Amino acid sequence: MHINDAVFLEDLCPKFRFRQWRKSIHRFTGKSCIYCGKPSESIDHVLPRSQGGLSTTENCVPACLSCNGDKSDENALYWYRRQKFYDPRRAMAIRAWLEGDLRLAIRLLQWANPSFKKINNYEKDESEYKAA
Ligand SMILES: [Zn+2]
């Protein structure tokens with residue numbers, strides 16, 4: 001499943017929808033940081049806005065404040081490779097996320113973190129996809 005609701009924030013004037021969108025990003029990973037697995041408290045732009053990164057689902061990942069702040073304006077994958085908590089499965093998940101393949105990204109995150117809680121809504125989407 002490719003995410004079809006890659007939303008451009010420019011189209012989302014009302015703050016309410018922006019908040020919903022942020023929430024949905026955190027929900028994908030069960031509110032855990034995509035880099036280190038700690039609780040996600042922020043949304044990180046994988047390609048920083050200063051380098052033309054867009055506020056779309058593909059470019060925005062849930063991150064804890066420490067990862068988000070530490071990474072700053074660096075390329076996420078380069079930065080991530082240098083971290084103590086580097087996990088190749090998570091790196092693959094980040095890459096899949098960037099390509100808009102959230103289903104694969106979530107699978108990889110589940111693999112990296114067995115205590116990862118499955119998201120019910122998401123599983124439902126997947127079975128609908130298989131039936132189609
Ligand atoms: Zn983190």
Side-chain angles (χ1 to χ4, degrees):
M1 182 192 87
H2 269 252
I3 195 96
N4 350 335
D5 59 348
V7 215
F8 285 84
L9 287 187
E10 288 84 331
D11 298 335
L12 291 178
C13 308
K15 276 188 181 156
F16 177 72
R17 294 217 35 205
F18 178 55
R19 229 176 287 147
Q20 290 300 106
W21 172 75
R22 289 182 72 100
K23 253 193 214 162
S24 73
I25 299 253
H26 289 290
R27 216 179 298 136
F28 281 129
T29 63
K31 292 185 180 146
S32 70
C33 173
I34 199 166
Y35 302 114
C36 71
K38 285 188 195 140
S40 59
E41 299 141 323
S42 63
I43 301 256
D44 181 44
H45 283 71
V46 178
L47 180 67
R49 271 171 295 189
S50 62
Q51 292 169 32
L54 295 172
S55 295
T56 57
T57 302
E58 287 89 341
N59 192 43
C60 292
V61 295
C64 68
L65 287 176
S66 129
C67 287
N68 198 343
D70 188 48
K71 179 189 148 271
S72 183
D73 272 5
E74 253 194 275
N75 176 299
L77 290 166
Y78 289 129
W79 169 84
Y80 183 55
R81 213 170 295 159
R82 294 199 316 269
Q83 304 311 306
K84 278 189 295 231
F85 47 81
Y86 175 80
D87 182 321
R89 294 167 297 191
R90 285 185 181 276
M92 279 160 72
I94 296 164
R95 222 167 286 145
W97 187 295
L98 298 185
E99 283 163 9
D101 195 345
L102 294 196
R103 187 168 63 123
L104 177 62
I106 287 164
R107 270 258 164 88
L108 289 162
L109 289 172
Q110 282 170 345
W111 183 28
N113 177 15
S115 65
F116 184 97
K117 286 189 200 94
K118 283 196 182 167
I119 303 113
N120 294 332
N121 284 341
Y122 197 79
E123 292 295 307
K124 209 186 355 175
D125 285 355
E126 196 180 324
S127 55
E128 277 163 15
Y129 173 74
K130 272 184 201 147

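Model, not experiment: these values are computed from the prediction.
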Sub-4.5 Å side-chain heavy-atom contact between [X] and [Y]:
X	Y	result
Asp70	Gln83	yes
Glu41	Asn68	no
Pro39	Lys31	no
Ser72	Trp79	no
Leu109	Phe28	no

Which atom of [X] lies closest to which atom of [Y], heavy atoms considered:
X	Y	result
Asn59	Leu54	ND2-O, 2.9 Å
Cys33	Arg90	O-NH1, 3.4 Å
Asp73	Pro48	O-CG, 3.3 Å
Cys67	Cys36	SG-SG, 3.8 Å
Gly37	Ser32	O-CB, 3.5 Å
Ile25	Cys60	CD1-O, 3.6 Å

Test side-chain contact (heavy atoms from CB on, under 4.5 Å) on Tyr35 and Val61; report intermediate values, then the result. CA-CA 9 Å; Tyr35 302 114; Val61 295; 3.7 Å; yes
Would you say Leu65 ends up clustered with Ile34 if hydrophobic residues are merged whenever their side chains have heavy atoms under 4.5 Å apart, either directly or through other cluster members? no
Given the rule that I, L, V, M, F, W and Y join up when any side-chain heavy atoms are under 4.5 Å apart, are Phe85 and Val46 in one cluster? yes
How long is the straight-line distance from [atom2] of [Y] back to [atom1] of [X], given to the nearest 0.5 Å?
X	Y	atom1	atom2	result
Arg81	Asn75	CZ	CG	8.5 Å
Arg19	Ser24	CZ	OG	13.5 Å
Leu108	Trp97	CG	CH2	12.0 Å
Gln110	Arg107	CD	CZ	7.5 Å
Thr57	Leu98	OG1	CG	12.0 Å
Arg27	Ser40	CZ	OG	11.5 Å

Might you confirm whether atom CZ of Arg89 has over 12 heavy atoms from other residues, nucleotides or ligands at distances under 6.0 Å? yes
Treating [X] as the side-chain partner and [Y] as the backbone partner, does any N or O pair qualify as donor plus acceptor under 3.5 Å?
X	Y	result
Tyr80	Asp87	yes
Lys71	His45	yes
Trp21	Thr56	no

